[in-house]
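One structure is given below, encoded as structure tokens.
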Amino acid sequence: MFAKVAEEGSFAAAARVMGVSVPTVSRAVARLEERLGGRLFNRTSRQLALTEFGQSMAAKASEMYRQAEEVESEAHELSVQPRGQVRLAVPMSFGLRWVAPLMPELIRQFPELSVDLHLSDASVDLIAEGFDAALRIAALPDSSLVARRLCAVTQYLVASPAYLAEQGVPQHPRELTSRQCFSYAYRARSQVWRSRMIPARRKILSRADRCA
């Protein structure tokens, strides 16, 4: 703000250019003078002039202001046009079926972007392992991470014809407690199956898990 006041020649003009109030600019310059231990401007009711100390600071302040504008402009450009590497963790089968096919078009659309696609059903620690994002097929626990629900994924309980011929077709989920079953170790809470009956179809279906 000091650099803009020095450039424009008045607090009002600087405030107008920066889109803030005149008192905001005045207070900012006063705080800077207090921190630096010297007056930057000589003020009268009609005139504003840089002191000798202010003149020595103005060029440096203007350069700092220019650099700050460049950084802001570059940051804005980066936010508009994605670039750099993104590390993404995705479940294996879901990633092969739905995510990997999207990669060529994504890279064509954003040529300055690269994706490190980590395909694994193991639950990774995003922060500790340096990932930018992850797709999870699960009911997510509370955490400080930001999550967005993308779609529903239905999981089915299935059995081979030979198994059903030997063990019989279960008529209720509680019958599964005495059956020999395989459970996927990487699934969250793999030993707990939540199921619901659909009588008309006489099939046991697992409740749709959520992917976020």
Side-chain angles (χ1 to χ4, degrees), residues 1-90 95 98-99 102-118 123-136 138 140-151 210-212:
M1 289 186 177
F2 161 60
K4 213 60 183 172
V5 173
E7 179 184 328
E8 297 294 332
S10 76
F11 285 86
R16 186 166 54 252
V17 170
M18 302 186 78
V20 297
S21 67
V22 175
T24 297
V25 177
S26 180
R27 285 193 296 268
V29 171
R31 288 195 299 269
L32 180 61
E33 289 177 326
E34 182 179 354
R35 189 162 66 247
L36 296 178
R39 291 179 59 84
L40 297 169
F41 295 102
N42 287 319
R43 306 172 179 84
T44 67
S45 58
R46 296 183 178 182
Q47 194 174 18
L48 182 72
L50 286 165
T51 63
E52 183 176 348
F53 176 62
Q55 290 175 356
S56 68
M57 294 291 104
K60 297 176 183 178
S62 295
E63 177 62 18
M64 291 171 62
Y65 185 84
R66 183 191 63 78
Q67 291 176 355
E69 285 187 317
E70 289 179 357
V71 170
E72 185 174 349
S73 177
E74 183 177 343
H76 178 71
E77 183 180 344
L78 286 172
S79 67
V80 172
Q81 181 69 24
R83 64 182 65 184
Q85 185 183 75
V86 175
R87 297 197 70 214
L88 177 63
V90 182
W98 298 105
V99 180
L102 300 176
M103 291 298 103
E105 178 57 30
L106 179 68
I107 299 305
R108 278 195 295 270
Q109 187 174 354
F110 303 107
E112 297 183 60
L113 183 70
S114 66
V115 179
D116 179 5
L117 188 61
H118 180 83
S123 182
V124 299
D125 186 325
L126 270 66
I127 305 301
E129 298 182 46
F131 285 97
D132 298 295
L135 295 182
R136 298 278 171 81
L140 298 180
D142 291 336
S143 75
S144 59
L145 299 177
V146 177
R148 177 182 298 177
R149 181 179 180 274
L150 299 180
C151 62
R210 304 301 181 186
C211 80

May I have the list of side-chain donor-acceptor pairs in residues 108-117 shorter than 3.5 Å, sequence neighbours left out?
{"unit_1": "Arg108", "atom_1": "NE", "unit_2": "Glu105", "atom_2": "OE1", "d": "3.3"}
{"unit_1": "Arg108", "atom_1": "NH2", "unit_2": "Glu105", "atom_2": "OE1", "d": "3.1"}
{"unit_1": "Asp116", "atom_1": "OD2", "unit_2": "Arg87", "atom_2": "NE", "d": "3.0"}

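- Closest of all the heavy-atom pairs between Ala134 and Leu126 is CB-CD1, 3.7 Å.
- Within a 6.0 Å radius of CD in Glu34, other residues, nucleotides and ligands contribute 12 heavy atoms or fewer.
- Side-chain contact between Thr24 and Met1 is present, with at least one heavy-atom pair separated by less than 4.5 Å.
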Which is it for Val5 and Leu48 under the side chain to side chain contact (heavy atoms under 4.5 Å, CB included) test, yes or no, and what are the steps along the way?
CA-CA 9 Å; Val5 173; Leu48 182 72; 3.6 Å; yes

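- Taking a cutoff of 4.0 Å between a charged side-chain nitrogen and a carboxylate oxygen, Glu33 and Arg43 qualify as a salt bridge.
- In terms of heavy atoms, Leu50 sits closest to Ala58 at CD1-CB, 4.2 Å.
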Criterion side chain to side chain contact (heavy atoms under 4.5 Å, CB included) on Leu40 and Met57, from CA distance to verdict:
CA-CA 8 Å; Leu40 297 169; Met57 294 291 104; 4.2 Å; yes

If you apply the rule side chain to side chain contact (heavy atoms under 4.5 Å, CB included), what do you find for Phe2 with Phe41, and how did you get there?
CA-CA 10 Å; Phe2 161 60; Phe41 295 102; 3.5 Å; yes

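- Evaluation of the salt bridge (Lys or Arg N to Asp or Glu O under 4.0 Å) test over residues 49-73, restricted to residues two or more places apart or in two chains, returns Glu63-Arg66, Arg66-Glu70.
- For residues 4-17, the pairs satisfying salt bridge (Lys or Arg N to Asp or Glu O under 4.0 Å) are Lys4-Glu7, with sequence neighbours left out.
- A donor-acceptor pair is defined here as one N or O able to donate and one able to accept, closer than 3.5 Å; no such pair exists between the side chain of Thr51 and the backbone of Asn42.
- Side-chain contact check for Phe11 versus Val29: some heavy-atom pair is nearer than 4.5 Å.
- For the residue pair Gln85 and Asp132, the shortest heavy atom distance occurs at O-OD2, 3.8 Å.
- Heavy atoms from other residues, nucleotides or ligands lying under 6.0 Å from CE of Met103 number more than 12.
- Between Arg136 and Leu150, the closest side-chain pair of non-hydrogen atoms is not below 4.5 Å.
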Give the C-alpha distance, both sets of side-chain angles, the deciding distance and a yes or no for side chain to side chain contact (heavy atoms under 4.5 Å, CB included) between Phe53 and Arg39.
CA-CA 7 Å; Phe53 176 62; Arg39 291 179 59 84; over 6 Å; no

